[in-house]
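Structure, as structure tokens:
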Amino acid sequence: MESIIDMFGIPLFSYDGYVDVMDDGTQYKVNEWKLIDMEQYNGKYVVVGFDGSLIIYNDDEEGTKLFDGSLLDSKDFCWILRNKLK
């Protein structure tokens, strides 16, 4: 069964079961990003931090870090959030 993670009512990505709660956030295996500018990270692992951070890792054995920032780095997320707050 596929589930969707959202923040402030904005769909972020879908995942189908892999979830790992960690000390500083929650890790998911993303099926598909719902944010257009994050689609390049479909199929990757993401850690959504309790502090608002966002880290994306490759699904290779080394777990290469591909992105280290926050959702506010996504122009698509910011645009949707701005329009929701109007």
Side-chain angles (χ1 to χ4, degrees):
M1 182 171 113
E2 184 174 83
S3 298
I4 295 179
I5 296 298
D6 66 69
M7 186 170 289
F8 306 121
I10 300 169
L12 303 179
F13 56 84
S14 64
Y15 73 101
D16 64 0
Y18 178 82
V19 177
D20 185 15
V21 178
M22 302 164 16
D23 289 337
D24 54 354
T26 306
Q27 183 178 44
Y28 303 90
K29 171 76 166 131
V30 172
N31 282 341
E32 178 183 33
W33 278 91
K34 305 302 181 185
L35 302 170
I36 295 167
D37 61 351
M38 299 298 279
E39 288 178 342
Q40 64 186 335
Y41 301 115
N42 287 346
K44 308 300 182 198
Y45 289 93
V46 62
V47 176
V48 179
F50 298 131
D51 63 355
S53 62
L54 184 71
I55 302 171
I56 301 173
Y57 296 94
N58 204 352
D59 54 355
D60 58 12
E61 286 185 26
E62 294 82 33
T64 309
K65 192 182 291 185
L66 302 172
F67 178 90
D68 190 352
S70 77
L71 278 171
L72 296 177
D73 293 319
S74 165
K75 290 179 182 173
D76 197 26
F77 178 79
C78 291
W79 183 82
I80 294 168
L81 182 60
R82 216 174 297 128
N83 285 324
K84 284 180 80 68
L85 296 176
K86 286 184 178 181

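Numbering starts at 1 and runs along the sequence shown.
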Looking at [Y], is its backbone amide N or carbonyl O close enough to the side chain of [X] to form a donor-acceptor pair, meaning the two atoms are under 3.5 Å apart?
X: Lys29; Y: Val19; answer: no
X: Asp37; Y: Asp76; answer: yes
X: Asp73; Y: Ser70; answer: yes
X: Asp68; Y: Ile55; answer: no

- Message: If you apply the rule side chain to side chain contact (heavy atoms under 4.5 Å, CB included), what do you find for Tyr41 with Leu66, and how did you get there?
- Response: CA-CA 8 Å; Tyr41 301 115; Leu66 302 172; 3.9 Å; yes
- Message: Between Ile80 and Lys34, is the side chain to side chain contact (heavy atoms under 4.5 Å, CB included) condition met? List the steps.
- Response: CA-CA 11 Å; Ile80 294 168; Lys34 305 302 181 185; over 6 Å; no
- Query: Given Trp33 and Gln40, is the side chain to side chain contact (heavy atoms under 4.5 Å, CB included) satisfied, shown in steps?
  - Reply: CA-CA 8 Å; Trp33 278 91; Gln40 64 186 335; over 6 Å; no
- Task: Specify whether Phe8 and Phe77 have parallel, tilted or perpendicular ring planes, treating 30° as the upper limit for parallel and 60° as the lower limit for perpendicular.
- Result: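 Because their plane-to-plane angle lies in the 30° to 60° range, the rings of Phe8 and Phe77 count as tilted.
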- Is there a chain of hydrophobic side chains (I, L, V, M, F, W, Y, each step under 4.5 Å between heavy atoms) that links Met22 to Ile5?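 They do not share one cluster, since no chain of ILVMFWY contacts under 4.5 Å joins Met22 to Ile5.
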- Transitively linked via ILVMFWY side-chain contacts under 4.5 Å: Val46 with Phe67?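 Yes; tracing contacts between hydrophobic side chains, which count when under 4.5 Å, links both residues.
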- Message: Pairing donors with acceptors under 3.5 angstrom, does anything connect the side chains of Asp51 and Ser53?
- Response: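 Yes - a donor-acceptor pair under 3.5 Å links their side chains.
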- Query: So, do Asp59 and Tyr45 sit near enough that their side-chain heavy atoms are less than 4.5 Å apart?
  - Reply: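 A side-chain contact under 4.5 Å exists here.
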- Task: Take Lys44 and Val30 through the test side chain to side chain contact (heavy atoms under 4.5 Å, CB included) and record every step on the way to the result.
- Result: CA-CA 6 Å; Lys44 308 300 182 198; Val30 172; 5.7 Å; no
- At what distance, to the nearest 0.5 angstrom, does CG of Leu71 lie from CD1 of Ile10?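 Here the rounded value is 8.5 Å.
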